[in-house]
Colleague: 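What follows is a structure written as structure tokens; I'll ask about it next.
Scope of the values below: all heavy atoms of this structure, side chains included, with no hydrogens, waters or symmetry mates.
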Amino acid sequence: MVETNLNNNLIINVANIIWSFDPTNKEIVVLLVKNSLGQNIDKWGLPTTILRQNESAEEASLRLIREKIGIKLPEFSTEQLATFSNVNRTQKNREIALTYMTYLPQKIDLTAGYGAKDAEWFHVQYAADQYLLKYRDLIFKTLSDKISESDFYNNIDEFNNDKHLTADHELILRLAFSRITNRLDYLPTILLILGDHFTLKQAREVYAIFWKEPVTNIDNSNFRKTHSHLFTEVGIEHGKSGRPAKLYKLRGLLDQK
């Protein structure tokens, strides 16, 4: 297929932040790939593809998931994040990035596809002014809250090494974390990573990571009072000892079923 490479070497990229949940460690995970092509070879970053002439950006965001990790997702699993067009964001050609977020309801095994040497789930942890992405001995960070967007782009060469993600992906991830955190009280689409239904404890485990506090600090009764209007009760959890927990799904416009 013909790819979009516009006049004056302008290239339109599509990047996807793919979220999921590790039920064993009770941690949120984000998919990162190790690039095998181009100027970012051997560097880790978000799954990215070049927009083709015969597809929409949404279609490209889903295509790159199929190409990178071999799965097909329905459209509603993906939502637009933002456009990144700073002239300093890439070193050679002028590149604009259209970014999306996808919520994967199960942490599947990954197989690196076209353009990727490796693809791995990085576990999300947090520090005071940024989030940490960890896989074995690899640790990457979102851009610190102390660094402004303009300062980052004006000094982007300082971030061009193996300790950092490719291009401006640390900035993209910072916005993604901020967007989700700011919507937790009224539009918690991040809970789609828990699947068709979830317990309030599981919801609190997700919230705790974005709120940067232990889940034990989030009182279940208070959480029920402040957030239950976002959920619809659908039954009880079976197959476990003790009192069964109630199961919920996202209510109204958040309900994808």
Colleague: Is it true that Asp42 and Lys117 make a salt bridge, defined as a side-chain N closer than 4.0 Å to a carboxylate O?
Modeller: yes

Colleague: Look at the side chain of Asp219 and the backbone N and O of Ser221, then say whether any donor-acceptor pair between them is shorter than 3.5 Å.
Modeller: yes

Colleague: Is the backbone N or O of His229 less than 3.5 Å from a side-chain atom of Arg251, with the two atoms forming a donor-acceptor pair by type?
Modeller: yes

Colleague: Can you tell whether the side chains of Glu170 and Arg89 come within less than 4.0 Å, N to carboxylate O?
Modeller: no

Colleague: Just verifying a value: how many Å separate Thr48 OG1 and Asn16 CG, rounded to the nearest 0.5 Å?
Modeller: 9.0 Å

Colleague: Treating His169 as the side-chain partner and Leu46 as the backbone partner, does any N or O pair qualify as donor plus acceptor under 3.5 Å?
Modeller: yes

Colleague: Under a 4.0 Å threshold between the charged nitrogen and the carboxylate oxygen, would Arg63 count as salt-bridged to Glu55?
Modeller: yes

Colleague: Near Asp162 CG, under 6.0 Å, is it more than 12 heavy atoms from other residues, nucleotides or ligands?
Modeller: no

Colleague: Kindly say whether Leu81 contributes a backbone atom to a donor-acceptor pair with the side chain of Arg179 at under 3.5 angstrom?
Modeller: yes

Colleague: Whether the side chain of Asn13 engages the backbone of Ile96 through a donor-acceptor N/O pair (distance < 3.5 Å, no angle test) should be reported.
Modeller: no

Colleague: For Lys201, is the NZ atom crowded, meaning more than 12 foreign heavy atoms sit under 6.0 Å from it?
Modeller: no

Colleague: Which is it for Val14 and Tyr100 under the side-chain contact (heavy atoms from CB on, under 4.5 Å) test, yes or no, and what are the steps along the way?
Modeller: CA-CA 8 Å; Val14 175; Tyr100 290 79; 4.0 Å; yes

Colleague: Taking only residues two or more places apart in sequence or in another chain, which ones pass salt bridge (charged side-chain N to carboxylate O under 4.0 Å, His left out) with Glu213?
Modeller: none

Colleague: Measuring from atom CD1 of Ile147 to atom CG of Asn154, what distance do you get when rounded to the nearest 0.5 angstrom?
Modeller: 12.0 Å

Colleague: State, with a plain yes or no, whether a side-chain heavy atom of Phe159 is found less than 4.5 Å away from one of Tyr153.
Modeller: no

Colleague: Report the residue from Trp121, Phe210, Phe122 that forms a ring-ring contact (aromatic ring centres under 6.0 Å, His included) with Trp19.
Modeller: Phe210

Colleague: Considering all heavy atoms of both residues, which atom of Phe198 and which atom of Leu194 are nearest to each other, and what is their separation?
Modeller: CB-CD1, 3.6 Å

Colleague: Are the aromatic rings of Phe223 and Tyr207 close, with centres under 6.0 Å apart?
Modeller: yes

Colleague: Which distance, rounded to the nearest 0.5 Å, do you find between the CG of Asp168 and the CD of Glu95?
Modeller: 9.5 Å

Colleague: Same cluster or not: are Leu138 and Ile17 linked, directly or through other Ile, Leu, Val, Met, Phe, Trp or Tyr residues, by side-chain heavy atoms under 4.5 angstrom apart?
Modeller: yes

Colleague: Any donor and acceptor pair, going by atom type alone, linking the side chain of Arg204 with main-chain N or O of Ile218 inside 3.5 Å?
Modeller: yes

Colleague: Passes side-chain hydrogen bond (donor to acceptor under 3.5 Å, both in side chains), Ser148 versus Ser150? Steps please.
Modeller: CA-CA 5 Å; Ser148 69; Ser150 60; 3.2 Å; yes

Colleague: Which is it for Ile139 and Leu133 under the side-chain contact (heavy atoms from CB on, under 4.5 Å) test, yes or no, and what are the steps along the way?
Modeller: CA-CA 6 Å; Ile139 301 177; Leu133 304 178; over 6 Å; no

Colleague: Can you get from Ile156 to Leu165 by hopping between Ile, Leu, Val, Met, Phe, Trp and Tyr side chains that sit under 4.5 Å apart?
Modeller: yes

Colleague: Counting only N and O atoms by type, is there a donor-acceptor contact under 3.5 Å from the side chain of Thr142 to the main-chain atoms of Leu173?
Modeller: no

Colleague: With no hydrogens and no angle check, is any side-chain donor or acceptor of Asp185 less than 3.5 Å from a backbone partner on Asn182?
Modeller: no

Colleague: Evaluate side-chain contact (heavy atoms from CB on, under 4.5 Å) for Val30 paired with Val124, printing each intermediate quantity in order.
Modeller: CA-CA 7 Å; Val30 173; Val124 176; 3.8 Å; yes

Colleague: Which pair of non-hydrogen atoms, one from Leu143 and one from Arg174, has the smallest distance, and what is that distance?
Modeller: O-CD, 3.0 Å

Colleague: Does Ser61 use its side chain to pair, donor to acceptor, with the backbone of Glu58 at less than 3.5 Å?
Modeller: yes

Colleague: So Phe21 and Val206, do their side chains get closer than 4.5 Å, heavy atoms only?
Modeller: yes

Colleague: Could you pull out the closest heavy-atom pair between Leu230 and Leu184, with the gap in Å?
Modeller: CD1-O, 3.8 Å

Colleague: Answer yes or no: are there more than 12 heavy-atom neighbours, outside Lys43 itself, under 6.0 Å from its atom NZ?
Modeller: yes

Colleague: Just how far is it from atom CZ of Arg94 to atom CG of Asn88, taken to the nearest 0.5 Å?
Modeller: 9.5 Å

Colleague: At their closest point, which heavy atom of Ala82 faces which heavy atom of Thr99, and how far apart are they?
Modeller: O-OG1, 2.7 Å

Colleague: If we check side-chain contact (heavy atoms from CB on, under 4.5 Å) with Ile12, which of these qualifies: Thr83, Leu98, Ile50?
Modeller: Leu98

Colleague: Can you tell me how far CD of Glu237 sits from NZ of Lys246, rounded to the nearest 0.5 angstrom?
Modeller: 13.5 Å

Colleague: Taking atom types as modelled, is there a side-chain donor on Thr189 or Tyr103 under 3.5 Å from an acceptor on the other?
Modeller: yes

Colleague: Testing the basics here: between Pro105 and Gly195, what is the closest heavy-atom pair and its distance to 0.1 Å?
Modeller: CB-CA, 3.7 Å

Colleague: Might you work through the side-chain contact (heavy atoms from CB on, under 4.5 Å) test for Leu104 and Ile193, ending with a clear yes or no?
Modeller: CA-CA 5 Å; Leu104 197 61; Ile193 65 176; 5.9 Å; no

Colleague: Please give me the minimum heavy-atom distance between Ala60 and Thr49, naming the atom from each residue.
Modeller: O-CG2, 3.9 Å

Colleague: Compute the ring centroids of Trp211 and Tyr131, then answer whether they are less than 6.0 Å apart.
Modeller: no

Colleague: Quick one: pull up CZ in Phe177 and OH in Tyr126 and give me the separation to the nearest 0.5 Å.
Modeller: 12.5 Å

Colleague: May I ask you to check whether over 12 heavy atoms, not counting those of His164, lie within 6.0 Å of atom NE2?
Modeller: yes

Colleague: Give the other cluster members for Leu247, using side-chain heavy-atom distances under 4.5 Å between Ile, Leu, Val, Met, Phe, Trp and Tyr residues; answer none if it is isolated.
Modeller: Val234

Colleague: Using the ring centroid of each side chain, check whether Phe140 and Tyr135 are separated by less than 6.0 Å.
Modeller: no

